[in-house]
Amino acid sequence: MEFVQIEGLTKQFGHVIALSNVNLSIDHGDFLTVVGPSGSGKTTLLRLLDLLEEASSGKISIGGEDTSNPNNTLRLRRGIGIVFQHNLMLNTSVYENVVYPLKIRSDKSDASSRVHKVLEQVGLAGYEKRRAITLSGGEMQRVALAQALIYKPKILLLDEPTANLDPHNSSIIESIVARVNREDNVTVVLSTHNIAQAERFATKVLILRSGEVADYGSASRIFENPSSFLASFTEKWNIFHGKASPSTKDELSIIDIGDGVSVESSTLKHGNVNTFINPDEIILTLYPVESSARNMLEGHIIQIVDLGERVQLDVDCGKKFTVRITKKSFKEMALNLEARVYLNFKASSVKIT
């Protein structure tokens, strides 16, 4: 069911156009990720959705109500929660920080119980009397999330909420937001540079480029066949430029991606192509294995990144490939830098654009 409707949304700061003619609809319970390089308009869009800024032109409707109508604005804002990358804490207790949104809404009903419950929800049970400004960065971010959740918003906006956090705190916040979206049917709009994060949670994706919509649609469509623009600023995916030629044996394409590395794709192409291989579709093993996968490359690990429940590995196979595996698999294989490994993936995993 259509919940948020944005039509011709434009925001101009002096001579600078931060957003230009943005059109999209967000259904109730959607998880929309907003992706784009710095300066693309992500934060401006979230501030407009939170009704903190007025649009230069265009319209935002929430639940069929025009947000520019002053009779609607305050009431609609009270149903929206927002968490920024950097959040200010009051120089008082965690309890007073979390209860503050209720006070400014003149909603004091069962406040103590609600604070305790939401702190438990964000993994900070027992922190009520702690002074907020003495907490770690990750703990303060969870306090900010508690502030946004305590009044049970219909829309939760998050502007790069895990950008400066360690994997442990990032994983906690991701889990909380995913659960709120799934179990409470809260509509979530998350801006992020973290493509792996966007892949894990999004139902819809908006890609912004210089304030304009570069692409918008289902997460499955956008991530299965990423555009060259998406690849250009993420720089983390297995995007390769190569030359394709038909296989003489099978209905496959053999793609030379340079440096002595070739991959096979189930898409028939001839000539210059761009390829994409989803890091989650690559099987990593310690030894060569027999399988239906048409591609097997040998290499060594050159980088390890802890993503919380998963681990991201960069593997040098002549070309750098990125792979994501569970932390359990990482520990069981006793992987470390320079470990020799094999990458296995099907020809159907090699997407061609």
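Remember, it's a predicted structure, so these values are computed and weren't measured experimentally. Numbers here simply count residues along the sequence, with the first being 1. Hydrogens, waters and symmetry mates play no part in the numbers below; they use all other heavy atoms, side chains included.
Using modelled atom types, one finds a donor on one side chain and an acceptor on the other under 3.5 Å when comparing D159 with T43. Side-chain atoms of Q141 and N87 include a donor-acceptor pair closer than 3.5 Å. For the 3.5 Å distance criterion, the side chains of D107 and S109 qualify, holding a donor opposite an acceptor. Defined by atom type and a distance below 3.5 Å, a donor-acceptor pair is present between the side-chain atoms of S349 and E281.
Within 6.0 Å of NZ in K328 there are 12 or fewer heavy atoms belonging to other residues, nucleotides or ligands. In this structure, K319 places its NZ atom where more than 12 heavy-atom neighbours from other residues, nucleotides or ligands lie under 6.0 Å away. Atom CD of E290 has 12 or fewer neighbouring heavy atoms from other residues, nucleotides or ligands inside a 6.0 Å radius. For Y287, the OH atom counts as loosely surrounded, since its 6.0 Å shell holds 12 or fewer non-hydrogen atoms of other residues, nucleotides or ligands. No more than 12 heavy atoms of other residues, nucleotides or ligands sit less than 6.0 Å from atom CD of E54.
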*side-chain contact (heavy atoms from CB on, under 4.5 Å) between N336 and I301, worked out*: CA-CA 7 Å; N336 50 47; I301 297 173; over 6 Å; no

*asked:* Run R75 and E65 through side-chain contact (heavy atoms from CB on, under 4.5 Å) and show every step you take.
replied: CA-CA 11 Å; R75 176 172 48 81; E65 298 185 82; 2.6 Å; yes

_Using the rule given for salt bridge (Lys or Arg N to Asp or Glu O under 4.0 Å), can you reason through R324 versus E199, listing the C-alpha separation, both sets of side-chain angles and the distance that settles it, and then say yes or no?_
CA-CA 12 Å; R324 289 194 289 265; E199 277 189 282; 2.6 Å; yes

*Test side-chain hydrogen bond (donor to acceptor under 3.5 Å, both in side chains) on T10 and N21 and set out the steps.*
CA-CA 5 Å; T10 297; N21 194 33; 5.4 Å; no

*asked:* Assess the residue pair K154 and V186 against the criterion (side-chain contact (heavy atoms from CB on, under 4.5 Å)); give the C-alpha distance rounded to whole Å, side-chain angles, the decisive distance to 0.1 Å, and a yes or no.
replied: CA-CA 5 Å; K154 295 179 180 178; V186 173; over 6 Å; no

*Determine, stepwise, if the pair L32 / V188 fulfils side-chain contact (heavy atoms from CB on, under 4.5 Å).*
CA-CA 6 Å; L32 171 70; V188 175; over 6 Å; no

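Scanning for side-chain hydrogen bond (donor to acceptor under 3.5 Å, both in side chains) contacts around E212 gives an empty result, with sequence neighbours left out. With sequence neighbours left out, E160 forms a salt bridge (charged side-chain N to carboxylate O under 4.0 Å, His left out) with no residue at all. With sequence neighbours excluded, no residue satisfies ring-ring contact (aromatic ring centres under 6.0 Å, His included) with Y151. Partners of I104 by side-chain contact (heavy atoms from CB on, under 4.5 Å), not counting sequence neighbours, listed by chain and number: Y100. Annotation: salt bridge (charged side-chain N to carboxylate O under 4.0 Å, His left out) contacts of D215 (sequence neighbours excluded): R221. By the side-chain contact (heavy atoms from CB on, under 4.5 Å) test, M296 is found to be paired with P288, Y342, N344, residues two or more places apart in sequence or in another chain being considered. By the side-chain contact (heavy atoms from CB on, under 4.5 Å) test, R209 is found to be paired with A214, F229, residues two or more places apart in sequence or in another chain being considered. The side-chain contact (heavy atoms from CB on, under 4.5 Å) test applied to K152 returns no partner, not counting sequence neighbours. Listed by chain and number, the residues in a salt bridge (charged side-chain N to carboxylate O under 4.0 Å, His left out) with E174 are R200 (sequence neighbours excluded).
Under the ring-ring contact (aromatic ring centres under 6.0 Å, His included) criterion, the residue pairs touching residues 299-341 are F240-F321, with sequence neighbours excluded. Pairs passing the ring-ring contact (aromatic ring centres under 6.0 Å, His included) check and including a residue from residues 68-87, sequence neighbours excluded, do not occur. Among residue pairs with one or both ends in residues 120-135, those qualifying as side chain to side chain donor-acceptor pair (under 3.5 Å) are N91-R131, H116-E128, Y127-E139; sequence neighbours excluded.
Panel note: side chain S113, backbone D110; no donor-acceptor pair is recorded below 3.5 Å. At least one donor-acceptor pair under 3.5 Å links the side chain of S93 to the backbone N or O of E96. Checking side-chain atoms of S175 against main-chain N and O of S171 turns up a donor-acceptor pair under 3.5 Å. Judged by distance alone, with hydrogens and angles left aside, the side-chain atoms of K59 form no donor-acceptor pair with the main-chain N or O of G8 at under 3.5 Å. Of the possible polar contacts, none joining the E7 side chain to the I60 backbone as a donor-acceptor pair under 3.5 Å is found. No donor-acceptor distance shorter than 3.5 angstrom exists from the side chain of R310 to the backbone of I325, with no hydrogens or angles considered. N238 places no side-chain N or O within donor-acceptor distance of the main-chain N or O of F276, the cut-off being under 3.5 Å. A donor-acceptor pair under 3.5 Å links the side-chain atoms of T203 to the main chain of F31, judged by distance alone.
Shortest non-hydrogen contact noted between S262 and I254 is CB-CG2, 4.3 Å.
Using a 4.5 Å heavy-atom threshold, the side chains of K42 and L46 count as separate. The closest side-chain heavy-atom distance from D50 to R77 is below 4.5 Å. At least one side-chain heavy atom of I150 sits under 4.5 Å from a side-chain heavy atom of L102. Under the 4.5 Å side-chain criterion, counting only non-hydrogen atoms from C-beta, I255 is not in contact with E264. Using a 4.5 Å heavy-atom cutoff, the side chains of Q197 and L190 are in contact. Residues L48 and L51 are not in side-chain contact: their nearest non-hydrogen atoms beyond the backbone lie 4.5 Å or more apart. The shortest distance between side-chain heavy atoms of E53 and T44 does not fall below 4.5 Å. In this structure, the side chains of L49 and V189 come closer than 4.5 Å at one or more pairs of heavy atoms.
Taken from CG in L158 to CD1 in I82, the straight-line distance is 8.0 Å, to the nearest 0.5 Å. Atoms CG and OG1, from D27 and T187 in turn, are 8.5 Å apart once rounded to the nearest 0.5 Å. Summarising the geometry, atom CD belonging to E298 is positioned 11.0 Å from atom CG belonging to D316; distances are rounded to the nearest 0.5 Å. Annotation: the span from S61 atom OG to D66 atom CG amounts to 5.5 Å, rounded to 0.5 Å. We find the CD1-CG distance between I133 and L88 to be 11.5 Å, quoted to the nearest 0.5 Å. In this structure, L119 CG and R114 CZ are separated by 13.0 Å, a value rounded to the nearest 0.5 Å.
Tested against K204 for a side chain to side chain contact (heavy atoms under 4.5 Å, CB included), the candidates V34, D30, I26 yield a single pass: D30. Under the side chain to side chain donor-acceptor pair (under 3.5 Å) rule, H241 has a single partner from N272, N274, T275, which is N274.
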